[in-house]
2 protein chains.
Amino acid sequence: MAVTESVPTALRVVDRTIPDRRPDGRDQYTISEVAAYTGLSVHTLRWYERIGLMPHVDRTSTGQRRFSNKDLDWLGFIGKLRLTGMPVAGMLEYADLVRQGDETVGARAELLTAHRDDVRRRIAELQGTLDVLDWKINLYDAAERRTEVG
Amino acid sequence: MAVTESVPTALRVVDRTIPDRRPDGRDQYTISEVAAYTGLSVHTLRWYERIGLMPHVDRTSTGQRRFSNKDLDWLGFIGKLRLTGMPVAGMLEYADLVRQGDETVGARAELLTAHRDDVRRRIAELQGTLDVLDWKINLYDAAERRTEVG
DNA sequence: TAGAGAGTTCGAGTGCACTCCAGGCAAGCG
DNA sequence: CGCTTGCCTGGAGTGCACTCGAACTCTCTA
């Protein structure tokens with residue numbers, strides 16, 4: 001019965017002080033480096049792994065995580081999915097398909113296609129609502145001008 | 001540090017079996033009529049009133065709510081705001097400005113303009129992500145065709 | 001060798017937006 | 001008159017996506 005979708009504040013307010021390029025040429029990044037690079041918190045990165053959203057991250061002999069460039073690619077992609085409002089459950093489903101191997105490419109394409117349709121629908125919806133906002137803002141601006149003049 | 005915003009499932013999945021026109025020509029609607037019309041649950045309608053998002057709803061002698069056409073208009077507008085991901089706190093702020101009267105039209109225009117910018121930014125963001133989805137989907141489709149043929 | 005700093009786990013806590021429940025009242029019907 | 005239906009309230013519960021805390025280990029620098 002809910003009528004809308006909330007969008008985490010971070011996504012909305014985010015000021016992108018996050019470096020656009022990888023820390024350097026290595027293939028081994030600590031969790032805090034990855035946090036700085038992706039904009040996710042270290043908490044979130046660990047949580048993603050816990051719930052099964054990361055495809056096994058390497059560890060040092062003492063148990064510390066070392067993320068690879070492949071991990072960064074993955075985080076980048078699911079970051080896009082999150083950005084478009086895909087719930088974590090959906091990303092989990094996708095991650096499971098990837099884990100299952102090549103015979104799931106069809107299912108993956110299907111999942112992403114459905115999501116793409118959803119994104120397109122939401123874009124259209126947002127654009128429709130822009131008109132209402134324009135109309136209201138114009139009303140207010142006109143009212144203000146009247147106040148200034150009269 | 002959150003990177004995204006979740007969008008309540010209902011908004012995404014909603015099949016609009018909701019009548020597009022008002023129940024009838026009256027100016028007095030029960031809470032369940034309004035629920036059917038707006039797509040909000042009766043719980044949500046009462047909750048909106050509780051938190052101060054509704055500008056005083058009439059009551060019968062026995063205490064039942066009777067919504068007016070004006071209330072329906074208001075719900076329609078804040079419904080649009082919700083649809084664009086404005087948090088309830090923001091709508092509350094807007095509602096307060098409306099309550100304060102005509103001298104707040106400037107502030108209201110500002111609030112809505114800021115929100116409009118935000119919506120525009122999000123549309124652009126979604127559109128950017130569509131490209132990534134297209135690219136991935138094409139990859140998968142190509143892989144599938146290879147499997148079929150080879 | 002002591003202390004700072006960064007990492008670890010797992011479970012608990014948070015904020016948002018609802019969503020539901022218990023217990024009760026009022027109107028209409030057979 | 002009793003029953004069903006629809007409404008009322010205040011507070012508790014839910015689901016999602018993080019976010020934090022406590023207690024601990026490891027490495028590095030002074």
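Numbers restart at 1 for each chain; the letters A, B, ... are given by sequence-line order, proteins then strands.
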Participant: Once you round it to whole Å, what is the distance between C1' of dC18(D) and CG of Leu75(A)?
Facilitator: 15 Å
Participant: Run the salt-bridge test on Glu125(A) and Lys80(B) with the 4.0 Å N-O cut-off and return the result as yes or no.
Facilitator: no
Participant: Salt bridge (Lys or Arg N to Asp or Glu O under 4.0 Å) with Arg116(B): which residues, sequence neighbours excluded?
Facilitator: Asp134(A)
Participant: Any donor-acceptor pair, under 3.5 Å, between the side chain of Arg50(A) and the base of dG11(C), if you only look at N and O atoms?
Facilitator: yes
Participant: Is Arg46(B) side chain donor-acceptor paired with the dG10(D) base, going by distance under 3.5 Å alone?
Facilitator: no
Participant: Let me know the distance between CD of Glu49(B) and P of dG10(D), rounded to the nearest Å.
Facilitator: 10 Å
Participant: According to the side chain to side chain donor-acceptor pair (under 3.5 Å) rule, which pairs have a member within residues 86-98 of chain B, sequence neighbours left out?
Facilitator: Tyr140(A)-Tyr94(B), Asp96(B)-Arg99(B)
Participant: Starting at CG of Leu45(A) and ending at C1' of dA6(C), how long is that distance when rounded to a whole Å?
Facilitator: 15 Å
Participant: Would you mind reading off the distance between Arg65(B) atom CZ and dG6(D) atom C1', rounded to a whole angstrom?
Facilitator: 12 Å
Participant: Among residues at least two apart in sequence or on other chains, which ones pass salt bridge (Lys or Arg N to Asp or Glu O under 4.0 Å) with Asp117(B)?
Facilitator: Arg120(B)
Participant: For DNA chain C, what residues of residues 51-64 of chain A have any heavy atom nearer than 4.0 Å?
Facilitator: Arg59(A), Gly63(A), Gln64(A)
Participant: Residues two or more places apart in sequence or in another chain: which of them pass salt bridge (Lys or Arg N to Asp or Glu O under 4.0 Å) with Asp73(A)?
Facilitator: Arg22(A)
Participant: Atom CZ of Arg66(A) and atom P of dT27(D): how far apart are they, to the nearest Å?
Facilitator: 10 Å
Participant: Between Asp141(B) and Arg145(B), does any NZ, NE, NH1 or NH2 come within less than 4.0 Å of an OD or OE carboxylate oxygen?
Facilitator: no
Participant: Is the shortest side-chain N/O distance from Thr30(A) to OP1 or OP2 of dG7(C) below 4.0 Å?
Facilitator: yes
Participant: Is there a side-chain contact between Tyr48(A) and the phosphate of dA17(D), meaning an N or O under 4.0 Å from OP1 or OP2?
Facilitator: no
Participant: In whole Å, I'd like the distance from the CD atom of Glu33(A) to the P atom of dG5(C).
Facilitator: 18 Å
Participant: Does a side-chain N or O from Thr44(A) land closer than 4.0 Å to OP1 or OP2 of dA17(D), or not?
Facilitator: no
Participant: For Arg65(A), give me all partners under salt bridge (Lys or Arg N to Asp or Glu O under 4.0 Å), at least two apart in sequence or on another chain.
Facilitator: Glu49(A)
Participant: Toward the 5' end of DNA chain C, which comes first, His43(B) or Val88(B), by nearest nucleotide?
Facilitator: Val88(B)
Participant: Atom CH2 of Trp47(B) and atom C1' of dC21(C): how far apart are they, to the nearest Å?
Facilitator: 18 Å
Participant: Please report the distance, rounded to the nearest Å, between CD1 in Ile31(A) and P in dT9(C).
Facilitator: 8 Å
